[in-house]
Peer 1: 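Provided herewith is a single structure, encoded as structure tokens, for subsequent inquiry.
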Amino acid sequence: MKLIVLWRVLLGLILSIGVGSMTTVANAQATANHPANILLVYDSQNIAQHGDRTLDLVQRELTGLNLSVTTIRLSDYQSGMINNGHYQGIVTLINWPNARIKQRAFINDRRHFTGPKLHIGALLTQDEERALGKVQSQPHQQFQLQFSQQKQWLTAQKSLPIIEKSPSSGTQFGTLMPQTTRQRNLPFGIIRHNQGFLPIVVPDGVAVMATVGLMAQLFSSDVPSQKPLLAITDITPYTNVAQLHHLIKGLVRTRTPFALSVRSLDHNTELAAFYRFTRELQYAQLHGGVVYFRPPLETGVQRLTQAELTALFRRQLHQLREKHVLPIGVSAAGFWNQSLSRQQAVLSRGNHALLLPNSDIMVNAKAPWQSSKMTHSRVFTSGSVGLPLRTIETVSQPRRLLFREPTVLLLRMPTSEVAVKSALQRLRQLNVSWLDPANSSAAILHVGATHYRYEAGRYWINGVVVHDLGTKPQRHVVASHQKESTVGLNRVIVWQTKALMWLFTIIGLSLTGLLWYGWRIQRRLFRKQKMRD
Amino acid sequence: MRRLKRLKMISPAVVATLGCAIITGWLVFSTPVHGYGNNGSFDWLLATNGLYWLKPSNHGGVTSQLGIMKYHNPLYLSHLTSQDLAIQLAIWFNRVFYSQRYFNLEFLGAVYLVLYVGSIFLFCRGLLGQRRRLRDYCLAGLVVIVLADTAFTLYFNSFYPEALAYILMIAVVGFCLYYLRYKTGNKWRMVFFTLLAALLLLTQESTSLLTLSLILMGVTFLTRSSQSMTVVVIIGLLMVGGFSANNLTRQNQAANKFQALSQGILLNQRPERAVKTANIEPQFSLLRGQAYFPNAFAASLPTDTLIQHRVMNQYDLPWLVMAYARDQQQFETLLDASATNLTLIKRQQVATVASGSTAHRQSLTTSFMLFSQSLATFFPRKYTFDCLMAGIVISVYLIDIWLRRRHHHPMGRGWLVIGLMTAVILVPVMSLFLYGMVDLASHLLMVVLSLSLGGLVLAADLMNHRLWWRWDR
């Protein structure tokens with residue numbers, strides 16, 4: 001008995017500490033009402049070498065640090081753009097060094113800009129080299145990156161521009177260790193005064209940590225470090241429910257908190273299959289999981305307008321709510337945050353967003369995000385950066401992973417029973433200490449007249465706590481035969497149809513009768529003739 | 001009375017042909033251009049014929065000005081259908097008389113118009129002959145009302161293959177009638193019929209469903225031919241039909257297969273029952289109603305590897321047929337639904353007037369639609385009714401054939417009408433198996449045309465008391 005009391009006291013203590021820390025986080029974010037505006041200038045998307053992925057990653061990392069990003073291509077830059085005091089920082093991204101795309105107006109404006117500046121990639125100008133140090137190109141080889149006691153081999157194996165001499169007054173972010181012991185260790189990211197440099201941006205766990213650490217310090221972001229969240233992506237209503245159940249059960253058994261990134265439907269929601277699917281999501285919600293709503297795949301030649309997209313979003317969320325599935329935020333590919341109509345229709349509805357990597361595009365295809373020259377990203381209370389799980393599998397101590405920005409590690413929904421087992425095995429081996437979404441700040445989703453809220457493991461709708469989260473939703477049973485509405489002329493036609501059917505049946509029957517009768521007469525005649533012969 | 005006699009200077013066949021020509025000619029050449037708009041299927045046809053949109057194609061109005069490709073086009077005539085021949089002919093005329101760079105849609109309309117007037121004349125001469133009684137003029141009027149209906153002829157100013165199929169169907173039936181009336185055919189008559197039938201089969205994949213009907217119609221000619229010739233023609237038509245049914249891009253084949261499931265057997269209150277019998281996971285019953293090329297958004301694309309493996313590779317045509325056999329109620333419901341669509345000849349949801357004209361974007365031509373409108377309003381919407389009617393007509397003509405053979409009368413129009421009625425019974429079923437409930441306006445056009453032509457022939461026979469051995473009494 002005493003033990004139980006002791007446990008209760010302990011539990012109370014822990015809870016109060018948790019709530020206390022949460023309120024401080026909320027306060028910190030409330031003060032950052034006007035996020036710093038960063039101008040991101042890139043030379044080329046360089047789709048042939050997947051440079052668009054790099055651009056997307058930089059945009060998402062900055063968004064994760066609560067920085068508002070304005071993206072523009074170097075050739076679209078107009079003189080004087082950065083001098084009007086609108087931007088608190090500049091990022092130059094060189095995606096295609098071989099093309100040597102340059103613009104004098106931008107270089108001039110950047111030199112006169114006094115705020116923090118970050119250069120990613122090669123092609124530093126003379127004034128940048130003067131401030132940061134001499135850049136030398138390291139030949140093609142693989143490096144091991146070390147950052148805050150974590151080590152990882154970088155997957156990219158190309159020649160890197162490196163600032164050799166670490167300047168005395170600068171800060172170093174990450175150390176590159178070559179394969180041979182003969183070579184010296186090299187610095188990865190560098191900050192000197194208000195200028196930063198990164199040789200490369202890659203979606204490798206440690207590299208992301210170093211990159212974001214550098215960005216956070218350079219642009220003085222106050223987002224606290226946190227553990228990563230696990231998210232299962234590519235879940236659709238077509239997903240095998242039994243496999244999904246096994247996966248969720250496995251996660252629950254190992255006490256792993258998780259999120260599900262779920263696409264839904266706006267039709268066929270009355271079918272038993274959709275009901276089974278939402279029951280599974282309900283099960284996940286009750287066992288430490290949260291659901292992120294993922295907007296549908298855009299396809300075909302037409303694109304939904306903002307109004308249509310809003311209506312679709314509202315419809316799908318309503319369908320889920322009817323089945324007691326309450327998403328806490330939206331998960332969408334990075335480009336959704338770059339296009340205004342998608343942002344306003346879907347992403348602006350919530351304060352928690354899970355930004356997934358863009359999917360690949362073909363070299364000659366027009367990317368969906370190339371809608372306007374200049375794009376502005378939206379800032380969220382928690383704009384999580386999605387990284388594939390495999391990017392941290394080669395990290396030396398996955399257990400002690402701590403990211404500077406909200407990070408979500410993505411695991412694709414396995415497509416077979418064996419794959420589910422191996423995925424669970426992988427997670428067990430990684431042994432990461434995961435973030436519990438119940439411990440992060442309140443997630444709010446505002447759709448139409450409905451106000452969803454999720455905080456500390458509890459759900460609210462329009463300010464009322466949801467108690468019946470686990471109850472079976474009533475299935476809307478459809479009558480097996482919907483009767484055609486019979487009004488006015490239609491009724492006449494229905495009647496006429498029936499009358500004609502009868503008429504034709506009678507004619508058909510009498511014709512058959514006549515035919516038989518005629519045949520008999522004919523036969524009798526024939527017989528008589530025969531007899532006469 | 002004298003005036004009436006003067007009127008009879010012109011034969012009914014010429015009257016009907018002139019009537020059709022004037023009405024359709026006005027439709028084809030009036031401004032703004034009248035035709036059916038693009039529903040998305042023109043783009044591939046334009047590319048394979050060396051044409052392109054001058055402006056980005058709008059999925060609304062009719063576009064009359066197109067560009068002619070100047071340089072090498074790897075897709076040029078890569079999927080040859082008989083419609084391409086007509087389009088190429090139109091482009092050739094366009095190059096000679098109009099422009100090397102721009103294509104005017106009215107040239108295609110003109111090519112179709114000439115072919116149409118020719119086949120109408122053949123049909124009328126076959127149906128009405130040279131006699132000039134009042135009833136022949138009445139029949140001529142009926143022919144104009146039915147065959148010059150704008151719902152049919154609006155196809156001429158568009159790239160839908162239905163235009164050529166419509167003309168060729170009239171030509172095939174007209175040729176049979178003409179032969180039966182005048183018996184002028186020499187040994188080439190069979191070859192000519194086969195050629196016309198093959199061209200009809202090759203217009204698009206859904207006209208290949210008429211193969212059986214055309215073979216039955218061909219019996220008209222077979223009686224006096226040698227047996228080896230008969231076998232050659234039947235096998236030839238079967239092969240052409242089979243080729244035409246598969247003369248599709250791989251994508252379109254996959255689309256047809258997918259939609260036969262999602263927009264066919266799954267269109268049900270309990271789609272899981274159907275899916276269970278194949279090795280498809282029950283969650284995929286949510287694919288109900290999904291198109292292979294979704295319009296703007298989808299939860300998952302049918303081209304996705306998961307759906308390809310778990311759905312597309314799990315079933316085939318025999319399974320679909322068996323699934324319908326198991327769920328006969330569903331089968332009937334869908335057939336009735338397609339019977340409802342059968343009478344809506346006019347293509348819905350596409351504009352029929354040139355975009356940019358003062359008319360409303362979706363404004364629809366309604367002139368000269370007496371036949372199609374009344375069909376849509378008054379024709380019973382039950383597949384069983386269609387079958388019953390076709391069955392009765394078939395039995396009437398079977399008796400006719402039997403009596404004629406018994407009394408050694410010359411061949412009547414029996415096999416022709418039986419062929420047409422077989423199409424009325426079989427094509428809706430086959431189209432449901434092969435394409436599901438997709439694009440019924442296109443797949444069932446030949447059914448409603450067979451019904452109309454069969455009706456005209458029946459009306460002519462009844463008016464002239466030609467049925468059941470009263471022909472030359």
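Every chain is numbered from 1 and lettered A, B, ... according to where its sequence line falls, protein lines coming before strand lines.
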Peer 1: How long is the straight-line distance from NE2 of A:His267 back to CZ of B:Arg288, given to the nearest 0.5 Å?
Peer 2: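 Rounded to the nearest 0.5 Å, the CZ-NE2 separation comes to 8.5 Å.
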
Peer 1: Are the side chains of B:Pro271 and A:Leu271 in contact, using a 4.5 Å heavy-atom criterion?
Peer 2: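 Contact flag for A:Leu271/B:Pro271 side chains = yes.
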
Peer 1: Kindly compute the distance separating OG (B:Ser285) from OH (A:Tyr238), expressed to the nearest 0.5 Å.
Peer 2: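 Reported value, rounded in 0.5 Å steps: 9.5 Å.
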
Peer 1: Is it the backbone or the side chain of B:Ile399 that comes under 4.5 Å from a heavy atom of chain A, or both, or neither?
Peer 2: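 Interface part for B:Ile399: side chain.
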
Peer 1: Is it the backbone or the side chain of A:Asp234 that comes under 4.5 Å from a heavy atom of chain B, or both, or neither?
Peer 2: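 For A:Asp234, neither part sits under 4.5 Å from chain B.
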
Peer 1: Under 4.5 Å, counting heavy-atom pairs only, tell me which of A:Ile507, A:Thr505, A:Leu265 racks up the most with chain B.
Peer 2: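 Heavy-atom pair counts peak at A:Leu265.
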
Peer 1: I need the residue from A:Gln316, A:Met501, A:Arg263 with the largest number of non-hydrogen atom pairs under 4.5 Å to chain B.
Peer 2: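 Heavy-atom pair counts peak at A:Met501.
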
Peer 1: Between atom OG1 of A:Thr415 and atom CZ of B:Arg310, what is the distance when rounded to the nearest 0.5 Å?
Peer 2: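 If we round to the nearest 0.5 Å, A:Thr415:OG1 and B:Arg310:CZ are 5.5 Å apart.
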
Peer 1: How far apart are the closest heavy atoms of B:Pro282 and A:Arg276, and which atoms are they?
Peer 2: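 Heavy atoms only, the tightest pair is CB-NH2, 3.4 Å.
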
Peer 1: Start with the C-alpha distance between A:Asn268 and B:Gln290, add both sets of side-chain angles, then the distance that settles side chain to side chain contact (heavy atoms under 4.5 Å, CB included), and finish with yes or no.
Peer 2: CA-CA 10 Å; A:Asn268 289 340; B:Gln290 167 109 40; over 6 Å; no

Peer 1: Apply the test side chain to side chain contact (heavy atoms under 4.5 Å, CB included) to residues A:Val241 and B:Gln283: give CA-CA distance (whole Å), side-chain angles for both, the deciding distance (0.1 Å), then the verdict.
Peer 2: CA-CA 8 Å; A:Val241 174; B:Gln283 283 312 109; 3.3 Å; yes

Peer 1: State the OG1-CG distance between A:Thr269 and B:Leu286, to the nearest 0.5 angstrom.
Peer 2: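 Those atoms lie 9.0 Å apart.
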
Peer 1: With a 4.5 Å cut-off on heavy-atom pairs, point out which of A:Gly518, A:Pro295, A:Ala273, A:Pro296 contacts chain B the most.
Peer 2: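 Counting heavy-atom pairs under 4.5 Å, the top option is A:Ala273.
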
Peer 1: Measuring heavy-atom distances to chain B, does A:Thr512 have an atom under 4.5 Å in its side chain, in its backbone, in both, or in neither?
Peer 2: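 Interface part for A:Thr512: neither.
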
Peer 1: Given a strict heavy-atom distance threshold of 4.5 Å, which part of A:Leu515 is in contact with chain B: side chain, backbone, both, or neither?
Peer 2: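 Side chain only.
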
Peer 1: For the CD atom on B:Gln251, are there more than 12 heavy atoms of other groups (residues, nucleotides or ligands in this structure) within a distance under 6.0 Å?
Peer 2: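 Not buried by this count: 12 neighbours or fewer within 6.0 Å.
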
Peer 1: Please report, to 0.1 Å, the donor-acceptor pairs under 3.5 Å made by any side chain of residues 382-396 of chain B, with sequence neighbours excluded.
Peer 2:
unit_1, atom_1, unit_2, atom_2, d
B:Tyr383, OH, B:Ile425, O, 2.5
B:Ser395, OG, B:Gly391, O, 3.1
B:Ser395, OG, B:Ile392, O, 2.8

Peer 1: Would you check if the side chain of A:Glu298 reaches a backbone N or O of B:Phe297 as a donor-acceptor pair within less than 3.5 Å?
Peer 2: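 No, because the side chain of A:Glu298 does not come within donor-acceptor range (under 3.5 Å) of the backbone of B:Phe297.
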
Peer 1: Which heavy-atom pair separates B:Ala296 from A:Leu304 by the least distance, and what is that distance?
Peer 2: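 That closest heavy-atom pairing would be CB-CD2, 3.8 Å.
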
Peer 1: Around atom CZ of B:Arg405, are there more than 12 heavy atoms from other residues, nucleotides or ligands closer than 6.0 Å?
Peer 2: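 Incorrect, the count does not exceed 12.
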
Peer 1: At a heavy-atom separation under 4.5 Å, does A:Leu500 approach chain B through its side chain, its backbone, both, or neither?
Peer 2: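 For A:Leu500, backbone and side chain are both near chain B.
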
Peer 1: Report which part of A:Leu312 has an atom under 4.5 Å of a heavy atom belonging to chain B: side chain, backbone, both, or neither.
Peer 2: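 A:Leu312 touches chain B through side-chain heavy atoms alone.
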
Peer 1: To the nearest 0.5 Å, tell me how far A:Thr236 OG1 sits from B:Ile307 CD1.
Peer 2: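 A:Thr236 OG1 to B:Ile307 CD1: 7.0 Å, rounded to 0.5 Å.
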
